[in-house]
Structure formats: C-alpha cells, structure tokens
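In listed order, ligands and their atoms are each counted from 1.
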Amino acid sequence: MLQVEHIETFYGQSQALFGVSFSVEMGEAVTLMGRNGMGKTTTLRSVMGLTPAAAGHIRFAGRELTAAAPHAIARAGIGYVPEGRRIFPTLSVLENLTATAAPGRAGGGTGWTLQRVFDMFPKLKERQRQMGALLSGGEQQMLAIGRALMTNPRLLILDEATEGLAPLVRREIWNCLEALKNDGLSILVVDKNIDALARLADRHLIMDKGRIVWSGTSEALEADPELGRRLLGV
Ligand code: ATP
C-alpha cells in the first residue's frame with residue numbers, strides 16, 4: 001500500500017536520510033525504531049511531504065506522492081499524528097475533530113464519524129466544547145488520533161504514539177491502536193515502548209544514522225537482546 005523507495009532527505013546541506021526503503025501492506029502494522037536522532041521523524045515527515053525527500057520515490061495505493069503537498073497526501077488517505085500532537089490549541093475539541101475531516105472519502109474510506117470517535121474516546125465527548133489547550137496530554141493525544149481518523153485514512157502514521165503519557169493512558173492508546181488494526185487500518189508507528197510495539201505490530205524496522213539497518217518480525221526482535229542494546233539503546 002505504501003512504498004518508500006530509496007529516499008534521501010536533507011536539512012539544508014545536512015543529509016538526514018540515506019536511501020531509506022520500506023513498505024507497509026494493507027492491514028499491516030509496522031514500527032519504526034531507533035535511538036534519538038536516527039531519522040525516524042524525518043522519515044515520517046518525508047512520507048507526509050512536510051520535509052520532502054530530495055531523491056527517491058513514495059507511492060501510496062498505486063499513486064505517486066513523491067512531490068505532492070502535505071494536504072494532497074492527507075487527502076490520498078494517509079492520516080498523521082505528529083510528535084507533540086500539534087492539536088489546534090484555540091479550537092474546541094469538536095472543532096479540532098471537524099476542521100480537517102474528510103467524510104465519505106472516495107475510494108475506500110472506513111466511515112469515521114464524530115460518533116465513532118466519541119465511542120472510541122468517551123473523554124473527548126465529555127470535553128467536546130473545551131479548548132484543545134485545556135486538555136491533558138493523554139486527551140490531546142486521543143484528540144490528535146481522532147482528528148486523523150476523521151480524515152478517513154487508509155494508513156495511520158503516528159510519531160511517538162505514547163511519549164510523555166501516564167501508564168494508564170498509554171495502555172488506552174495501545175488498545176485503541178490494536179482495535180484500529182483489527183478493524184483493517186494500516187498503521188506505521190514510532191514509539192519507545194518496544195514491548196507494546198512488538199505486541200501490536202507485524203513487522204519492525206530499525207533505523208541507524210539515517211538508514212534502515214534491520215527489519216524483522218516481533219519474534220526475531222524479541223529473540224535478539226543484543227539488537228536492543230546495539231541499535232535501540234535499551
Ligand atoms: P527523535 O526520536 O530524537 O525525534 P529521530 O530518529 O526521529 O529522533 P530525526 O528527528 O528524524 O530523528 O533526526 C534525524 C537527523 O536529522 C538528526 O541528526 C537531527 O539532528 C537532524 N534534524 C532533525 N530535524 C532537523 C532540523 N529541523 N534541522 C536540521 N537538522 C535536523
């Protein structure tokens with residue numbers, strides 16, 4: 001479904017990605033791991049067209065998205081939950097959910113509505129008239145996920161899915177992602193919780209210095225503690 005081929009991305013003169021290639025198949029959950037500064041966020045931002053790749057190709061559902069603008073990439077069916085949530089602080093929960101919503105997307109939307117988002121995150125329903133800035137970190141993350149779902153994506157991308165959240169809220173987010181996966185949504189996720197990632201995902205990619213240096217299943221990841229020490233700093 002998503003095919004990333006040999007992308008190279010720069011910040012000015014400084015190269016951050018060196019020929020990154022991977023794919024995410026329909027209904028698959030894939031993780032991107034690696035120590036800080038290895039290129040995970042840059043990879044996700046390149047896919048979303050926010051930090052465009054200078055070379056290589058990005059295709060989604062058969063469409064070439066390499067030079068597409070972020071809004072076109074979102075419209076093509078990729079939902080993005082950025083690091084730090086980036087919700088609209090001065091808009092209400094309701095406005096956050098509806099501002100970028102794309103109901104009834106042509107070509108395979110899964111039919112997300114306000115009601116479905118509220119069923120998944122009842123706290124958002126309770127707080128729907130509150131300003132985004134007044135929510136807790138966990139509620140903001142739920143809002144960021146809900147906002148992405150309201151664009152009716154076929155692939156959901158999350159950067160640092162549970163960073164800075166309390167254990168109970170983390171569990172809620174992981175449960176939500178598992179339910180979304182079981183519902184057939186494709187997921188590409190960055191996080192530091194390797195155990196939760198191994199439970200959720202089918203396949204894992206590890207980045208080191210702007211390259212993907214390892215890929216494998218949860219079993220392969222868990223069977224190799226040296227991998228964690230060498231490439232993940234755990
Ligand atoms: P983290 O978990 O710390 O976010 P990461 O694996 O997501 O790490 P990136 O944020 O993609 O890594 O960073 C990859 C490289 O690009 C790093 O060397 C970083 O210093 C550099 N970099 C990231 N953002 C910028 C920027 N806005 N300007 C210049 N260099 C940047």
Side-chain angles (χ1 to χ4, degrees), residues 2-24 29-58 60 65-71 73-74 78-87 137-138 140-141 144-145 148 155-167 169-170 173-174 177 186-201 203-216 218 221 224 226-234:
L2 173 70
Q3 283 172 308
V4 175
E5 288 172 11
H6 304 294
I7 59 168
E8 315 243 334
T9 302
F10 294 76
Y11 292 101
Q13 300 290 311
S14 160
Q15 186 163 1
L17 301 184
F18 298 84
V20 168
S21 301
F22 64 95
S23 64
V24 181
V30 174
T31 78
L32 205 49
M33 302 186 192
R35 287 172 287 135
N36 288 346
M38 292 301 139
K40 305 179 297 294
T41 295
T42 305
T43 300
L44 302 186
R45 288 182 59 86
S46 293
V47 170
M48 292 312 296
L50 295 163
T51 306
H57 286 279
I58 298 169
F60 181 69
L65 290 184
T66 310
H71 67 269
I73 293 171
I78 307 184
Y80 183 48
V81 179
E83 191 172 15
R85 346 257 185 243
R86 301 272 184 268
I87 57 152
Q140 289 193 0
Q141 184 65 333
I145 294 172
L155 169 67
L156 183 65
I157 295 182
L158 304 102
D159 196 355
E160 299 291 0
T162 65
E163 190 181 34
L165 303 181
V169 185
R170 286 182 183 203
I173 300 288
W174 291 120
L177 294 180
S186 305
I187 296 174
L188 175 61
V189 56
V190 168
D191 197 82
K192 295 198 169 57
N193 188 330
I194 297 168
D195 291 340
L197 290 172
R199 276 194 298 276
L200 173 75
R203 218 149 45 76
H204 309 278
L205 310 166
I206 301 182
M207 295 194 74
D208 193 49
K209 302 192 186 90
R211 294 176 171 85
I212 291 178
V213 294
W214 185 90
S215 72
S218 297
L221 182 73
D224 190 352
E226 177 57 25
L227 201 63
R229 272 193 291 278
R230 191 161 50 89
L231 295 172
L232 303 174
V234 294

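Distances from ligand 1 to the non-hydrogen atoms of R35 include at least one value under 4.0 Å. Proximity of G39 to ligand 1 is established by a heavy-atom distance of less than 4.0 Å. Put simply, no part of M207 is less than 4.0 Å from ligand 1, judged by heavy atoms.
S218 and H204 form a side-chain donor-acceptor contact under 3.5 Å, judged by distance and modelled atom types alone. Looking at T9 and S46, their side chains do bring a donor and an acceptor atom within 3.5 Å of each other.
Of the candidates G37, S14, S46, the one placing a heavy atom closest to atom 1 (P) of ligand 1 is G37.
At least one N/O-N/O distance between T41 and ligand 1 falls below 3.5 Å. Considering backbone and side-chain atoms alike, A16 places every N or O at 3.5 Å or more from each N or O of ligand 1.
Between E160 and K192, at least one side-chain N (NZ, or NE/NH1/NH2) sits under 4.0 Å from a carboxylate O, which counts as a salt bridge.
Remark: of the listed residues I212, V213, T31, T43, I212 is the sole one forming a side chain to side chain contact (heavy atoms under 4.5 Å, CB included) with L205. Test V30, V47, I157, I187 against V24 for side chain to side chain contact (heavy atoms under 4.5 Å, CB included) and you get one pass: V30.
Close approach to T42 involves these atoms of ligand 1, each under 4.0 Å from a residue heavy atom: 9 (P), 11 (O), 13 (O), 14 (C). Against a heavy-atom cut-off of under 4.0 Å, E160 is close to the following atoms of ligand 1: 2 (O). For ligand 1, the atoms sitting less than 4.0 Å from at least one non-hydrogen atom of M38 are 5 (P), 6 (O), 12 (O), numbered in the order shown with element in parentheses.
A donor-acceptor distance shorter than 3.5 angstrom exists from the side chain of R170 to the backbone of L165, with no hydrogens or angles considered. Side chain of Q141 to main chain of A161: a donor-acceptor pair is present (N/O by atom type, distance under 3.5 Å, no hydrogens or angles).
Note that atom 20 (O) of ligand 1 has no protein non-hydrogen atoms nearby, at separations under 4.0 angstrom.
The nearest heavy-atom contact from the protein to atom 23 (C) of ligand 1 is Y11 CE1, 3.5 Å.
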- Task: With salt bridge (charged side-chain N to carboxylate O under 4.0 Å, His left out) as the test, would you mind laying out the steps for R230 and D208 before giving the verdict?
- Result: CA-CA 10 Å; R230 191 161 50 89; D208 193 49; over 6 Å; no

